[in-house]
Amino acid sequence: MKICVFLSAADLDERYTAPAREFAELLGRGGHTLVWGGSDVGLMKVVADGVERAGGTLCGVSVGFLAHVARPGVADMVTAGDLGARKALLLEKADAVVVLVGGTGTLDEMTDLLELRRHGLTRKPLVVLNTAGYYDGLRSQLERMEAEGFLSVPLAELVHFARTGREALDHVTRRLRAGGRGDGAPTVTEAV
Ligand SMILES: C/C(=C\CNc1ncnc2c1ncn2[C@@H]1O[C@H](COP(=O)(O)O)[C@@H](O)[C@H]1O)CO
């Protein structure tokens, strides 16, 4: 599968790097492709290193003003003109999206996809890996939106919150096998 990962560009401590490394290893060992923002910094680098080390493939989508921190030596690397184009390319190249811990960049990418899913513009699965309860606050906010009628579709249809990388990958696999892909993404044949 081609899994797009939105995640922090910051240097983080073991509480966050260890689960991210574990998820990267799952992707690599499963022979999956990591589609990511292409940068060789922070948690983005931790995950790219881990996927490559475990035998997976990298597909980067950098953006002009961050091209100087793009990971060198990645055969499948493109550079988008702006952040909007980059988000569209990241989604186009992936079968599903998993969100790891991150800041406003990650939040921007995630909410963009939530909105596309809410309007039925993509059916590509979205999973949030809620490491150390990092996204508990976001989850509460979304639940309040749902309870008070701000969402037009059930929250469970928009996003799945997973506690572990394995749970995140299993969810994506189940969704894709059940026909949850959209936008002409390929059929899932790989074992995970
Ligand atoms: C130049 C430095 C860091 C480079 N910053 C980024 N590199 C690549 N991609 C980025 C960067 N900042 C945001 N993004 C995208 O958003 C997500 C990470 O943002 P966050 O705010 O850190 O969560 C990530 O998925 C990228 O696609 C060092 O100064």
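Order of appearance sets the numbers: ligands from 1, and atoms from 1 within every ligand. Note that these values count all heavy atoms, side chains included, but never hydrogens, waters or copies made by symmetry.
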Exercise. Heavy-atom distance to atom 18 (C) of ligand 1: which of Leu7, Leu83, Val41 wins?
Worked result: Leu7
Exercise. Among all protein non-hydrogen atoms, which one is nearest to atom 8 (C) of ligand 1, and what is the separation to 0.1 Å?
Worked result: Ser39 OG, 2.6 Å
Exercise. Have Thr17 and Glu14 got a donor and an acceptor in their side chains that come within less than 3.5 Å?
Worked result: yes
For this session: Show which atoms of ligand 1 fall inside a sub-4.0 Å distance from at least one heavy-atom site of Gly102.
Result: 23 (O)
Problem set entry | Distance from atom 5 (N) of ligand 1 to nearest protein heavy atom, with residue and atom | Ala9 CB, 3.7 Å
Exercise. Which protein non-hydrogen atom lies closest to atom 11 (C) of ligand 1, naming both residue and atom, and how far is it?
Worked result: Leu66 CD1, 3.5 Å
Counting only pairs under 3.5 Å, give me each side-chain donor-acceptor contact of residues 54-75, with atom names and distances, residues two or more places apart or in other chains.
from, atom 1, to, atom 2, distance (Å)
Arg71, NH1, Asp40, OD1, 2.7
Arg71, NH1, Asp49, OD1, 2.8
Arg71, NH2, Asp49, OD1, 2.8
Arg71, NH2, Glu52, OE1, 3.0

Exercise. Side chains of His119 and Glu115: do they bring a donor and an acceptor to under 3.5 Å?
Worked result: yes
Exercise. Looking only at distance, does Phe6 have an N or O less than 3.5 Å from an N or O of ligand 1?
Worked result: no
Exercise. Do Ser152 and Arg118 touch side chain to side chain, with heavy atoms closer than 4.5 Å?
Worked result: yes
Exercise. Short list, please: which atoms of ligand 1 are under 4.0 Å from a heavy atom of Ser8?
Worked result: 22 (O), 23 (O)
Exercise. At what distance is the nearest protein heavy atom to atom 1 (C) of ligand 1, and which residue and atom is it?
Worked result: Val69 CG1, 3.9 Å
For this session: Give the numbers and elements of all ligand 1 atoms closer than 4.0 Å to a heavy atom of Gly37.
Result: 27 (O)
Exercise. Is atom 29 (O) of ligand 1 close to the protein, meaning a heavy atom under 4.0 Å from it?
Worked result: no
For this session: Would you mind checking which non-hydrogen protein atom is closest to atom 25 (O) of ligand 1, with the distance to 0.1 Å?
Result: Glu109 OE1, 2.6 Å
Exercise. Using the ring of each side chain (for Trp, its six-membered ring), is His160 parallel, tilted or perpendicular to His171, with breaks at 30° and 60°?
Worked result: parallel
Exercise. So, do Thr104 and Asp108 sit near enough that their side-chain heavy atoms are less than 4.5 Å apart?
Worked result: no
Problem set entry | Transitive ILVMFWY side-chain link Leu90 to Leu83, under 4.5 Å | no
Problem set entry | Asp170/Arg166 ion pair, N-O < 4.0 Å | yes
For this session: Taking only heavy atoms of Gly103 into account, list the atoms of ligand 1 that are under 4.0 Å away from them.
Result: 20 (P), 21 (O), 23 (O)
Exercise. Nearest protein heavy-atom contact for atom 9 (N) of ligand 1: which residue, which atom, what distance?
Worked result: Arg86 NH2, 3.2 Å
Exercise. Any idea which atoms of ligand 1 are less than 4.0 Å away from a heavy-atom of Thr104?
Worked result: 21 (O)
Seminar exercise, completed: Looking only at protein heavy atoms, what sits closest to atom 13 (C) of ligand 1 is Gly105 CA, 4.5 Å
Exercise. Are Leu100 and Phe23 close enough that some pair of their side-chain heavy atoms sits under 4.5 Å apart?
Worked result: yes
Problem set entry | Within one Ile-Leu-Val-Met-Phe-Trp-Tyr cluster: Tyr134 and Leu7, side-chain cutoff 4.5 Å | yes
